[in-house]
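Below, chains carry the letters A, B, ... as their sequence lines are ordered, and counting in each starts from 1. If you're wondering where the values come from, they're calculated on a predicted model, not measured in any experiment.
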Amino acid sequence: MNAIIFSAIMGVVMMFSGIITEKKSAISFVAVVALFILLAANIANTYGLCSISINTHDLLHFSKFGLYFNSILITAALIFVLLSGSAVEKVGNYAADYYALIFFVLCGTSILTSFNGLLMLFLGIEIMTIPLYILTGADKKNLKSNEASLKYFLMGSFSTGIMLMGIALVYGANGSFALTTPAAVPNSAGVIPVSFLLVGGYILLFVSMCFKVSAAPFHFWTPDVYDGAPTVFTAFMSTIVKAAGFFAFLVLFEANATLLGPSWKIMLTFVIIATLLIGNITAVFQQSVKRMLAYSSIAQAGFMLFALYTYNDLAKEGILLYAVAYCLATIGFFAVLVKVKDHSFDGFNGLAKAQPVLAFSAVVFLMSLAGIPLTAGFFAKYYMLAAVIKSGGSFWIVLVALVFAAISVYYYFKVIQAMYFKSGDPEIMEVSSGYKTAIVLVSLLVIAIGVLPSIVLNWFYF
Amino acid sequence: MNTVQILFFFLSVLAIFSAVMVLFSKSPVHSVLWLIAVFFAISGHYILLNAQFLAIVNLIVYAGAIMVLFLFVIMLMNLNANAEPKKYWWMKFAGVISGGCFLVVLVSLVQQATELTGKQALVKEGNIGLIKNLGKVLFSDFVLPFEISSVLFLSAMVGAVVIGKKD
Amino acid sequence: MSKIAFLVPLFPLVGFLINGLGRKYLSKTAIGVIGSGVIFCSFVTSCILFQQVCNESCNEQTFHAVVTLFNFIKVDAFTIPFAFQIDQLSVLFLLIITGIGFLIHLYSTAYMKEEESHHFGRYFAYLNLFVFSMLLLVMGANYVIMFIGWEGVGLCSYLLIGYWFKNNQYNYAAKKAFIMNRIGDLGFLLAVFWILFKLGTVNYGDVFSNVAKLSAFDIAAITMLLFVGAMGKSAQIPLYTWLPDAMAGPTPVSALIHAATMVTAGIYMIARSNILFTLAPSTQAIITIVGLATAVFAATIALKQNDIKKVLAYSTVSQLGYMFLGLGVGAYTGAVFHVFTHAFFKALLFLGAGSVIHAMHHEQDIRKMGNLKKYMPITHITFLLGCLAIAGIPPFSGFFSKDEILAAVFTKNPIYYYIAVGGALMTAFYMFRLYTLTFLGQFRGTSEQEHHLHESPYSMTIPLIVLAILSVIAGFIGIPEIFAPDSHWLEHFLAPIFKESTKLAAVHHVDHSQEYLMMGSVTGLVILMILIALILYKKYTIKEDETSWGIGKLLTNKWYIDELYNAIIVNPMNAFAGFCKNTIEKNGIDGIVNGVGKLVSYSSRQLRLLQSGQVASYLLIMILSIVVFFLIWFNDLTIIRFLNNIF
Amino acid sequence: MPIQYYIYFCLALFSIGIIGVLTRRNAIIVFMCIELMLNAVNLLLVAFSKLHHGTALAIDPATTVGTDGQLFVFFIMVVAAAEVSVGLAIIVMMYRNTHSVDINFLNRLKN
Amino acid sequence: MIALLLILTPLATGLLSILMTKGGFAKNFSLLASLVTLVIAIAAIQAPVAPAFDIVWLNNLGSRFTLKMDGMSKMLCLLTAVAFPIIFTSVYKNTYKNAASFFGLMLLTQAGLMGVFLAADALLFYFFWEFALIPVYFLCSIWGGEKRIAVTFKFFIYTFLGSLLMLAGILFIYFRTADHSFALQSFYHVNLSGKEQSLIFWLFFVAFAIKMPIFPFHTWQPDAYEQAPTATTMVLSGVMVKMGLYAVLRWLLPVFPLATAQFSNVIIILSVIGMIYASLIAIRQDDIKRLIAYSSIAHIGLMSAAIFSADKTALEGVMLQMFNHGINVIGLWIIADIIEQQLGTRKMSEMGGLAQKAPAMAILFVVMAFANVALPLTNAFIGEFLMFSGLFRVNMIIAAVAGVSIILAAVYTLNMVQKVIYGELGETAIKSTDIKLNVKLALVVIALAIIALGIYPQPMINLTNDSVVGLIIKK
């Protein structure tokens with residue numbers, strides 16, 4: 001509860017900070033402080049130190065897993081602001097409002113990590129998405145940003161419609177918005193009847209959640225929106241928001257996957273393969289690094305979907321680790337991307353010479369995204385695949401995933417090639433030493449998690 | 001066929017006809033008007049189901065506020081004469097086909113749903129739709145989402161300001 | 001006893017190291033002294049060993065001594081010691097190698113005088129290394145050590161043929177020699193593996209005492225493979241073509257390696273493994289035929305060659321054929337005897353040829369020589385003696401050894417005998433053709449050459465003289481029984497080596513009258529051939545556009561064997577390799593790999609078209625996917641059954 | 001009223017909304033079609049709410065079962081209102097920049 | 001502890017070196033570091049108790065940081081430790097832009113290689129397997145030839161795909177182990193059905209086959225060897241390909257006995273085809289580096305065939321040959337590098353007569369060349385003898401066919417020798433000079449090792465004996 005309340009309050013605080021001060025760096029500073037407070041509040045909540053408790057009438061359920069996940073998201077947001085705060089300031093004239101919207105999004109993610117019922121799921125998702133429509137269109141003069149915003153809005157609303165239809169059907173079958181389905185009574189023939197409405201509802205919910213986490217074939221908004229949105233906000237959207245979406249997806253179907261019977265695995269396999277295929281293959285031919293990252297985020301989603309495929313302990317730990325690894329690497333790499341003016345691959349040519357620190361960090365992030373061992377990304381993928389194998393699922397899907405992982409190396413390493421092996425004179429925005437320190441620390445963190453993933457996972461059990 | 005059924009079918013036909021007309025109207029203004037007709041029909045349904053509060057809210061919020069907003073925007077843009085060229089006919093065709101498929105699939109799903117046979121929606125009776133009863137539940141059990149939706153409005157407000165303000 | 005055996009190869013090795021490493025710093029004299037000196041030391045040591053062997057073998061019939069230095073390879077399955085075996089056979093070869101080796105080293109000091117100092121050093125280093133390898137070959141107490149020497153001499157042969165490495169023609173010859181040898185070596189190696197596989201040891205003693213454990217097929221296969229090895233090294237059909245080409249090396253090298261020692265390695269190996277071969281009659285039959293064919297075939301080619309060294313080379317091939325013929329019919333002593341005598345007279349002939357070439361300033365075409373006896377008396381005399389020896393005129397050494405082989409062949413199969421005699425007659429003919437063209441008649445070279453003609457220095461003539469004497473008298477160690485009973489010293493000496501084989505298949509002797517008749521008639525025919533050669537070529541004058549036709553053309557062009565090999569082996573292989581390189585590798589295998597990459601990028605280009613930018617089409621696909629999901633759900637069992645059928 | 005009638009009717013409206021989204025190119029009309037979809041859902045929720053209420057009423061006359069369905073509709077309207085404000089703002093912004101609300105012209109971002 | 005030092009020393013010094021600014025200093029530092037590693041390696045080999053190291057790591061995954069050093073590990077660690085000082089010496093006079101990074105990455109590669117050879121835990125092994133690859137990727141892509149980027153990339157993705165498949169296999173086995181552990185012993189005792197084995201076997205095998213590489217997974221190799229900076233090529237062909245062979249011996253044969261028995265014939269035939277095929281292509285090569293590359297493929301093919309013959313003698317030969325081939329091929333690369341530097345071309349048709357200008361190099365070249373054709377009294381002979389001997393026991397025909405490569409090896413090697421150093425002085429060779437002292441030193445060390453191990457290989461054979469016995473017993 002702390003996180004929801006504090007993030008809402010902090011959002012309001014940010015709104016007013018824009019009135020009080022004109023200095024943008026001060027606003028960023030306030031945001032950082034606010035995020036620290038938010039994080040502290042959430043951690044305090046996790047260990048029950050001082051938590052505000054309100055009778056939620058069972059609409060919210062605060063599990064340790066959820067709270068921990070929320071801490072991760074808030075930490076990621078903190079790192080995001082630390083690294084890219086200056087870039088947020090540069091998007092437009094409304095830095096304070098952008099931060100306010102970011103906090104409202106965090107409010108939405110906090111709800112999504114603790115929802116217990118379809119109503120809160122719906123509200124959480126809406127609270128999370130509506131500010132994003134605005135953030136996407138924040139660069140008002142930029143037609144791409146406009147377009148992305150409009151596309152995102154139309155498609156997002158459409159998927160909301162689909163989701164609501166799913167909720168309505170589920171409600172029709174269950175008579176409540178609870179996540180769990182009352183046990184069906186066997187009919188006279190002794191067969192437990194399949195509730196068709198329920199199944200229809202959950203299929204539609206599945207679809208709309210797939211849309212939110214940009215799983216193919218419901219991913220189409222992702223490349224365009226991520227590409228069009230201001231780069232900083234793309235970093236935010238593709239990491240924190242997406243991870244929260246995954247968490248909600250996971251919780252939503254934890255109890256209900258069995259309802260769909262064998263078709264659940266078939267659909268999921270279809271989605272996973274399609275996601276991996278489209279994400280990885282399409283990324284190969286991209287000319288813009290930013291757009292490539294959009295596709296790569298689709299590909300990463302394909303891997304995260306394995307957690308849904310299996311639903312065992314490893315998968316749970318895995319999605320946690322995946323969220324950490326993916327968020328850190330993506331935020332880190334976007335922080336580098338923001339500094340480079342030309343977002344095409346050629347824009348990176350010779351970066352290693354011009355900015356060795358930046359280039360090194362970028363390499364670490366890209367390797368983590370590609371899942372090279374001794375980076376966090378490796379263990380993320382490792383857990384996912386291990387979960388599948390442990391569940392005794394089809395082994396071939398693991399092999400397919402690995403083949404795509406190998407393909408992913410292709411486009412990630414293209415950036416490394418540009419930075420290290422090609423000569424050029426990249427246009428770079430000024431890089432402060434504080435920023436350098438921060439980004440190196442983040443990259444070292446990525447490596448540290450890659451060497452000892454238990455530093456993330458043990459907290460979970462602590 | 002009793003009155004209720006007649007009313008039901010009348011409202012349904014009206015709603016569907018109006019909805020189709022929303023699609024077929026060349027002029028956006030006409031579309032808005034047809035959509036308002038749909039809302040009215042749906043409000044009629046609400047009343048039929050004795051959900052008076054929602055019927056009123058629907059009229060006030062949707063037909064009253066939202067649609068007026070739409071109209072304003074349309075008029076602001078002066079989109080009256082905007083005729084769509086027929087160039088993308090295949091897209092329309094595919095859209096209709098796939099929408100139809102969607103409908104067919106879901107209808108066949110409901111047809112198979114044996115658990116629904118014989119079930120009736122309570123018409124005219126039941127008082128849960130009254131303002132008093134709804135308000136009681138809203139401000140006790142559902143106070144949390146009610147409060148949280150303020151965040152939603154807040155963000156929408158901020159958003160509208162950020163987007164709408166001229167730099 | 002035999003404690004000093006290791007010294008024999010050690011001396012040349014030391015010489016190799018000193019000369020090899022110090023070639024830039026040592027003077028030519030020093031190099032020559034060291035190079036020849038170490039061989040002389042080896043020779044002395046060999047003599048001591050010989051003495052010991054003689055003494056002890058008189059005392060004990062089963063004499064053989066194995067000196068193990070260390071374990072060369074010791075793995076679980078087998079142990080291969082680095083061991084030397086000093087017995088009658090090896091010690092005899094030691095004497096030949098070190099003795100002739102020394103003479104040739106001595107000869108070389110003068111012959112190679114014109115070389116630059118460091119090349120001179122290199123030459124002697126190679127030569128020493130060669131002697132070292134050859135000594136390993138004959139001293140080794142097992143097949144692996146023999147194989148080390150076997151390949152080692154191949155290497156040295158390669159290095160020495162290509163000694164003048166600026167000339168690519170020579171390099172090709174060197175390469176050809178090595179590769180052809182390698183083909184044989186593979187056979188040898190496979191035989192070694194076979195022995196190891198079946199017996200778990202390669203030590204001669206153990207192998208020969210355990211032959212009973214081998215099946216007839218094993219023995220046949222092993223001996224065939226060994227013989228393939230021998231074919232390569234000893235230049236038998238079909239692997240003989242490298243030897244004539246090997247004449248590209250300096251002449252002393254040809255004398256030492258390609259006449260006296262290395263090429264006889266095959267004979268040594270078969271003699272060493274005599275028991276195996278005796279037990280494999282089919283192999284023996286093949287050896288006989290191959291030997292006979294080589295003897296005659298090479299002789300025919302030699303008839304029409306004009307290069308002095310080429311004639312000698314083909315004559316060597318031919319003589320080697322006789323040795324194999326002897327081995328094939330089981331006359332092991334005869335074959336070894338012929339190796340012994342052949343070593344002397346062939347070395348002599350080559351050195352004589354070297355002397356001539358030296359005097360003629362590297363002119364090797366006998367058509368451009370003539371009347372050299374006037375200028376080079378010592379060379380002339382010694383060369384004549386050599387020719388007589390090889391032609392088989394009694395009482396020169398060649399007569400005895402060749403006769404012994406022929407006699408053995410006759411007991412086996414008279415037809416082979418007649419063919420072999422035909423070969424012998426050709427030998428006499430081409431040798432005296434060579435002799436006549438070189439030393440008699442008119443000088444046909446340039447006047448400048450004539451002006452410079454001179455007798456070679458002493459360091460060259462002394463070896464010639466020594467070898468000439470040996471060529472004359474060497475035959476007396478194996479006087480046939482018909483002349484004096486029990487006088488065949490060599491047979492007695494080598495008896496322990498061939499004991500088992502003799503027990504199994506004693507060589508039948510022809511009765512005396514028959515033998516006298518054969519000797520007489522052959523000698524007569526040989527003298528006739530010599531006379532014909534003398535008469536035919538005494539008045540030879542060089543003719544421009546000397547084209548031959550028919551058989552003559554065939555012979556001049558060596559039966560077109562090289563061309564044949566090129567056409568049926570080398571070129572197809574090259575073509576196939578080119579096909580592999582340019583087609584299979586590039587378009588096939590790498591094509592697939594790259595094709596996968598191209599497929600990915602192609603599908604990438606196609607898949608991104610799906611992202612059309614149109615909201616409506618995105619949503620359309622979404623809706624259709626939802627429909628598909630519902631259909632999946634309706635038909636899930638069918639799909640699962642379908643999937644199960646596939647996987 | 002048999003509940004199927006309501007379901008069929010709502011699905012029909014919903015599908016018309018979908019078809020509208022797929023076929024119309026004017027962003028505002030597309031948006032209106034989405035609103036149509038939401039309204040279909042709203043009616044369906046109310047119908048289900050009454051269904052469950054009716055079932056529960058037979059057992060307990062004082063039951064409030066079904067209220068949550070109607071409240072959900074209320075929240076949907078809330079969200080829809082918020083969405084409309086944002087959405088129209090975005091459309092207006094778009095129009096200001098391009099003088100068009102045709103979504104077919106939204107193709108700067110593709111491939 | 002000493003086992004850990006073997007990894008830590010190059011790792012730490014490598015990182016240090018990367019951070020250095022002065023290239024010259026980093027060069028000396030790296031050379032010194034590699035010598036220290038060599039000393040440690042020798043100490044480890046001499047240690048009376050087999051060095052081992054074990055510490056908790058990734059506890060909840062069932063993986064530990066376990067290093068073990070048996071004979072095979074010792075052999076390969078020694079190779080790794082010996083190779084780097086030699087390589088550093090041979091390139092001492094070369095100038096590299098950004099030398100500090102170059103040498104640092106080289107040392108990191110060494111650390112990875114050591115790790116691969118020491119790891120006794122599957123996951124750890126996988127880590128080092130990848131870890132060795134990354135620095136090489138950078139080395140090749142930054143300091144390589146013209147087409148370096150594309151070629152290295154192909155190499156990287158190819159091998160990376162292989163290792164990912166291996167990862168899937170490792171995971172599969174992990175969940176089948178009795179105690180859910182990645183430990184080597186657990187893997188050895190895992191019970192897999194024949195069907196499972198025959199699937200997972202290939203996952204492992206493809207990874208190793210790509211690394212070795214054997215036909216038909218080899219096409220990355222000639223390109224990579226050609227384009228990589230020569231120092232890296234030496235590491236690649238001298239040490240890195242041994243990773244594949246080592247991995248087969250350590251992780252494939254003992255874990256999948258049934259599948260090995262089932263597929264060994266297929267693989268032996270593949271290897272033998274590869275030998276002949278690569279030899280034939282080598283015959284037609286005009287590029288000296290590609291020639292050496294294909295020759296290396298042929299040699300590796302023999303080793304792989306020998307491994308899958310699963311004969312004790314052959315295995316002993318393989319282990320010996322891994323070391324021998326390592327140093328021999330490094331020697332050849334050193335020479336190829338010198339030739340390219342001196343003549344400015346890799347085309348053999350444009351060379352010739354180098355022996356006149358560079359006699360010392362010519363002699364050492366000939367020594368290396370004859371080691372390449374496995375002449376007796378060179379080290380390669382011992383290994384090939386044992387391998388062929390073992391192969392012969394298993395299948396005479398295959399051994400005989402494989403033997404043809406001995407002849408072909410002579411053909412292409414002598415071709416190379418002849419075209420490069422013999423003949424008339426070519427245009428390109430006119431300005432060339434003899435090798436510098438550092439190169440000479442490196443080559444002499446190799447040449448001495450070639451001959452010494454060719455005459456007295458017994459210490460090396462004894463070194464790996466325990467591993468062979470272990471493999472056979474496990475069978």
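- Summarising the local packing, CG of D:Asp60 is surrounded by more than 12 heavy atoms from other residues, nucleotides or ligands at distances under 6.0 Å.
- In this structure, chain D has a heavy atom under 4.5 Å from the side chain of A:Phe122, while its backbone stays farther away.
- Neither the backbone nor the side chain of A:Phe285 comes within contact range of chain D; no heavy atoms are under 4.5 Å apart.
- Between D:Ile90 and A:Tyr152 there is no side-chain heavy-atom pair separated by less than 4.5 Å.
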*Kindly determine whether D:Thr98 and A:Leu143 satisfy side-chain contact (heavy atoms from CB on, under 4.5 Å), including the steps that lead there.*
CA-CA 8 Å; D:Thr98 62; A:Leu143 288 181; 3.6 Å; yes
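- No side-chain donor-acceptor contact under 3.5 Å links D:Glu83 to the backbone of A:Ile130.
- Heavy-atom minimum distance, A:Leu154 versus D:Ala27: CD2-O, 4.2 Å.
- At a 4.5 Å heavy-atom cutoff, the contact between D:Met37 and chain A is made by side-chain atoms alone.
- Only the side chain of D:Ile103 comes within contact range of chain A, with at least one heavy atom under 4.5 Å from a heavy atom of that chain.
- For D:Ser49, the parts sitting under 4.5 Å from any heavy atom of chain A are the backbone and the side chain alike.
- Proximity to chain D is limited to the side chain of A:Leu123, based on heavy atoms less than 4.5 angstrom apart.
- When ring centroids are compared, A:Phe177 and D:Phe72 come within the 6.0 Å threshold.
- With a threshold of 4.5 angstrom between heavy atoms, A:Glu147 approaches chain D through its backbone and through its side chain.
- By the 4.5 Å heavy-atom criterion applied to side chains, A:Phe158 and D:Cys33 are not counted as neighbours.
- D:His52 places a side-chain N or O within 3.5 Å of a backbone atom of A:Tyr171 that can act as its donor or acceptor partner.
- When A:Lys144, A:Arg291, A:Glu126, A:Lys151 are compared by the number of non-hydrogen pairs under 4.5 Å with chain D, A:Arg291 comes out ahead.
- Ranked by heavy-atom pairs under 4.5 Å with chain D, the first of A:Ser149, A:Ser145, A:Gly137 is A:Ser149.
- Considering all non-hydrogen atoms of both residues, A:Asn146 and D:Met93 come closest at ND2-CE, 3.5 Å.
- Applying the 6.0 Å contact sphere to OH of D:Tyr5 captures no more than 12 heavy atoms from other residues, nucleotides or ligands.
- In terms of heavy-atom pairs under 4.5 angstrom with chain A, the leader among D:Asp68, D:Leu44, D:Leu11, D:Val86 is D:Asp68.
- Contact count against chain D (heavy-atom pairs under 4.5 Å) is highest for A:Gly172 among A:Gly156, A:Gly172, A:Gly228.
- In this structure the side chain of D:Val101 never reaches within 4.5 angstrom of the side chain of A:Leu150, judged on heavy atoms.
- Using a 4.5 Å cut-off between heavy atoms, D:Leu45 contacts chain A through both its backbone and its side chain.
- Going from atom CG of A:Leu164 over to atom CZ of D:Phe75 covers 13.0 Å, rounded to the nearest 0.5 Å.
- Of the possible donor and acceptor atoms, none in the side chain of A:Lys140 sits under 3.5 Å from a partner among the backbone N and O of D:Asn97.
- In this structure, D:Arg108 contributes its side chain and A:Ala148 its backbone to no donor-acceptor pair below 3.5 Å.
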